[in-house]
There are 2 protein chains.
Amino acid sequence: MKKKKKNENSSKIFLGHDHGVCFGDAITQIEDYFIKKKLQLTPLRRKVFEILIEDHKPLGAYEILEKLGKTGFSSSPPIAYRVLDFLIEHGFVHKVQGLNGFIACSNPNHSHFPTFVICRKCEKVAEVSEEKSGLNLPSPEISNFKIEKTTIELTGICSTCENAEIR
Amino acid sequence: MKKKKKNENSSKIFLGHDHGVCFGDAITQIEDYFIKKKLQLTPLRRKVFEILIEDHKPLGAYEILEKLGKTGFSSSPPIAYRVLDFLIEHGFVHKVQGLNGFIACSNPNHSHFPTFVICRKCEKVAEVSEEKSGLNLPSPEISNFKIEKTTIELTGICSTCENAEIR
DNA sequence: AGTTAGTGTGTTATGTTATAACATGTAATG
DNA sequence: CATTACATGTTATAACATAACACACTAACT
């Protein structure tokens with residue numbers, strides 16, 4: 001059974017989770033994928049992915065660079081952007097446009113159009129699948145337009161923060 | 001006659017329109033709104049809105065600044081960003097995150113969660129209402145999360161460009 | 001009038017995010 | 001062992017955005 005502690009009083013979309021499991025699963029998934037696709041999961045790529053998986057929230061490219069620097073990698077901007085582009089291309093990372101941040105994909109196996117739910121107060125970000133978001137998945141064609149990529153970000157306030165708000 | 005062949009075979013969402021009418025309507029709408037809300041439609045604000053309405057596609061802040069400069073306004077960055085923020089706040093302009101661009105709202109009367117459809121080839125951008133996009137409007141609450149603002153951008157290729165593609 | 005508060009614009013400087021262009025290294029292929 | 005493909009490194013700069021402060025104008029008071 002998938003470990004998932006009871007979670008009644010936290011917002012349902014900002015699920016708690018066992019991070020050790022999450023981390024291990026994600027590494028395994030990316031390893032398998034890279035082998036299958038004959039891609040190189042180099043130390044740099046692995047490190048960037050690990051940084052994102054660990055933080056489990058959007059990081060700016062320059063935050064990532066800083067962390068890279070601390071672990072002995074080069075930390076000039078193109079390093080981060082190139083690796084991020086690569087990981088995005090293969091579905092392991094998403095860019096959160098509203099925050100200029102990058103986040104590890106929480107389910108790289110789905111080919112999907114992710115929706116991000118962003119609390120403006122606590123800045124938690126949840127990636128939700130189309131089914132759970134209450135959004136219909138965009139139909140692949142809208143009036144003769146072929147969708148290749150979506151950016152769907154819902155910004156607002158989570159119940160925890162709302163309850164804490166003074167006003 | 002405005003060049004625009006009958007457009008049953010062009011993408012329905014990139015509708016042609018009579019730009020003179022569109023422009024006039026938009027100006028009237030913003031004037032009415034500002035009067036009703038007792039806001040100042042200053043020359044600068046009007047000019048920025050006109051620039052966007054005229055171009056009818058997303059412009060970068062610095063493009064707007066350049067146009068402002070040519071008409072005798074100041075063209076230092078805060079000028080544009082301040083006015084844009086103001087117009088966005090009141091629903092007359094949207095930011096297209098994927099392009100770092102700003103576009104006049106095509107229907108400021110609707111309070112709405114707009115969807116933008118963006119052709120990556122011709123770079124045309126259409127604002128579509130929820131009904132037409134095939135997307136459900138996001139429910140105001142998703143699992144205890146209150147949505148205040150949405151960014152929904154669908155990037156891909158319009159049929160016109162697709163037909164023209166070599167591959 | 002004089003004072004105060006609110007708003008709008010102007011200016012300088014700087015912060016933040018992202019990319020261009022070119023150099024080097026390394027591994028696989030023919 | 002030349003060629004190609006790919007990954008990384010480096011310098012410089014482009015593109016996007018905001019902070020902080022200055023000044024002008026109006027409205028609404030005392």
Side-chain angles (χ1 to χ4, degrees), chain A residues 30-31 33-35 37-52 57-90 92-103 120 123 151 153, chain B residues 30 34-35 37-52 57-90 92-103 120 123 151 153:
Chain A
I30 196 171
E31 282 172 349
Y33 178 93
F34 272 57
I35 289 167
K37 296 273 185 165
K38 299 189 171 150
L39 301 170
Q40 303 179 50
L41 185 56
T42 61
L44 177 61
R45 287 173 181 167
R46 175 186 285 266
K47 185 66 198 173
V48 170
F49 185 66
E50 285 176 2
I51 288 169
L52 288 173
K57 67 172 193 208
L59 295 179
Y62 284 74
E63 292 179 273
I64 293 166
L65 283 168
E66 208 180 317
K67 287 173 194 273
L68 284 176
K70 285 181 186 161
T71 16
F73 290 91
S74 166
S75 60
S76 52
I79 294 293
Y81 285 104
R82 274 193 298 233
V83 171
L84 288 167
D85 285 350
F86 184 86
L87 293 173
I88 288 169
E89 197 179 332
H90 292 284
F92 290 90
V93 169
H94 298 296
K95 178 165 188 187
V96 180
Q97 294 280 5
L99 304 170
N100 291 320
F102 301 88
I103 190 168
R120 66 166 156 76
E123 298 197 297
T151 299
E153 299 176 7
Chain B
I30 196 171
F34 272 57
I35 290 167
K37 297 272 186 165
K38 298 191 170 148
L39 302 169
Q40 303 180 49
L41 186 55
T42 60
L44 176 60
R45 289 173 178 167
R46 176 186 285 266
K47 185 65 197 173
V48 169
F49 184 66
E50 284 176 3
I51 287 169
L52 288 173
K57 66 172 193 207
L59 295 179
Y62 282 71
E63 291 179 274
I64 293 167
L65 283 167
E66 208 180 317
K67 288 173 193 272
L68 284 176
K70 285 180 184 159
T71 15
F73 290 91
S74 166
S75 60
S76 52
I79 294 294
Y81 285 104
R82 275 194 297 233
V83 172
L84 288 167
D85 285 350
F86 184 87
L87 293 173
I88 287 170
E89 198 179 331
H90 292 284
F92 289 91
V93 169
H94 297 295
K95 178 165 189 186
V96 180
Q97 294 280 4
L99 303 171
N100 291 320
F102 301 87
I103 190 167
R120 65 163 157 77
E123 299 196 294
T151 300
E153 299 176 8

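Each chain gets a letter, A, B and so on, in the order its sequence line appears, and its residues count up from 1. When reading the values below, keep in mind they use all heavy atoms of this one structure, side chains included, and skip hydrogens, waters and symmetry mates.
One interatomic measurement links the two molecules: CG of A:Leu68 to C1' of D:dG9, which rounds to 13 Å at whole-angstrom precision. For B:Leu84 and C:dT9, the CG to C1' distance is 15 Å, given to the nearest whole Å. Rounded to whole angstrom, the span from the CZ atom of A:Arg46 across to the P atom of D:dA7 amounts to 15 Å. Rounded to an integer number of Å, the gap from CZ of A:Arg82 to C1' of D:dA5 is 15 Å. What separates NZ of A:Lys37 from P of D:dC6 is a distance of 15 Å, to the nearest Å. Nucleotide D:dA15 holds its P atom 11 Å from the CD atom of B:Glu66, rounded to whole Å. Regarding B:Asp85, its CG atom lies at a distance of 10 Å from the P atom of D:dA19, rounded to whole Å. Following rounding to the nearest Å, B:Ile79 (CD1) and C:dT9 (P) show an atom-to-atom distance of 7 Å.
Listed by chain and residue number, A:Asp55 satisfy the salt bridge (charged side-chain N to carboxylate O under 4.0 Å, His left out) test with A:Lys67 (two or more places apart in sequence, or in another chain).
Within 4.0 Å (heavy atoms only), B:Ser76 reaches at least one base atom of the nucleic acid.
Atom CD of A:Glu66 has 12 or fewer neighbouring heavy atoms from other residues, nucleotides or ligands inside a 6.0 Å radius.
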Run the side chain to side chain contact (heavy atoms under 4.5 Å, CB included) check on B:Phe49 and B:Leu41 step by step: do they pass?
CA-CA 10 Å; B:Phe49 184 66; B:Leu41 186 55; 5.8 Å; no
Is there a side chain to side chain contact (heavy atoms under 4.5 Å, CB included) between B:Leu68 and B:Leu44? Walk through the geometry before answering.
CA-CA 8 Å; B:Leu68 284 176; B:Leu44 176 60; 4.0 Å; yes
Run A:Gln40 and A:Arg45 through side chain to side chain contact (heavy atoms under 4.5 Å, CB included) and show every step you take.
CA-CA 8 Å; A:Gln40 303 179 50; A:Arg45 287 173 181 167; 4.0 Å; yes
Please step through side chain to side chain contact (heavy atoms under 4.5 Å, CB included) for the pair B:Lys37 and B:His90, ending with a clear verdict.
CA-CA 10 Å; B:Lys37 297 272 186 165; B:His90 292 284; 5.7 Å; no
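In terms of modelled atom types and a separation under 3.5 Å, the side chain of B:Gln97 and the main chain of B:Thr151 share no donor-acceptor contact.
Checking C:dG10, C:dT12, C:dA21 against every side-chain atom of B:Pro78, the shortest atom distance belongs to C:dT12. Among C:dA18, C:dG10, C:dA20, the nucleotide with an atom closest to any side-chain atom of A:Phe102 is C:dA18.
Under the 4.5 Å side-chain criterion, counting only non-hydrogen atoms from C-beta, B:Glu63 is not in contact with B:Leu65.
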Check nucleotides 14-17 of chain C for protein N or O atoms closer than 3.5 Å to its own N or O atoms and list the pairs.
none

Please tabulate the protein-to-nucleotide N/O contacts below 3.5 Å involving nucleotides 6-8 of chain C, giving atom names and distances.
unit_1, atom_1, unit_2, atom_2, d
C:dT7, O3', B:Gln40, NE2, 3.4
C:dG8, OP1, B:Gln40, NE2, 3.3
C:dG8, OP1, B:Arg45, NH1, 3.1
C:dG8, OP2, B:Arg45, NH2, 3.2
C:dG8, O5', B:Arg45, NH2, 3.1

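For the atom pair CG (B:Leu52) and CD1 (B:Ile64), the distance works out to 4.5 Å, reported to the nearest 0.5 Å.
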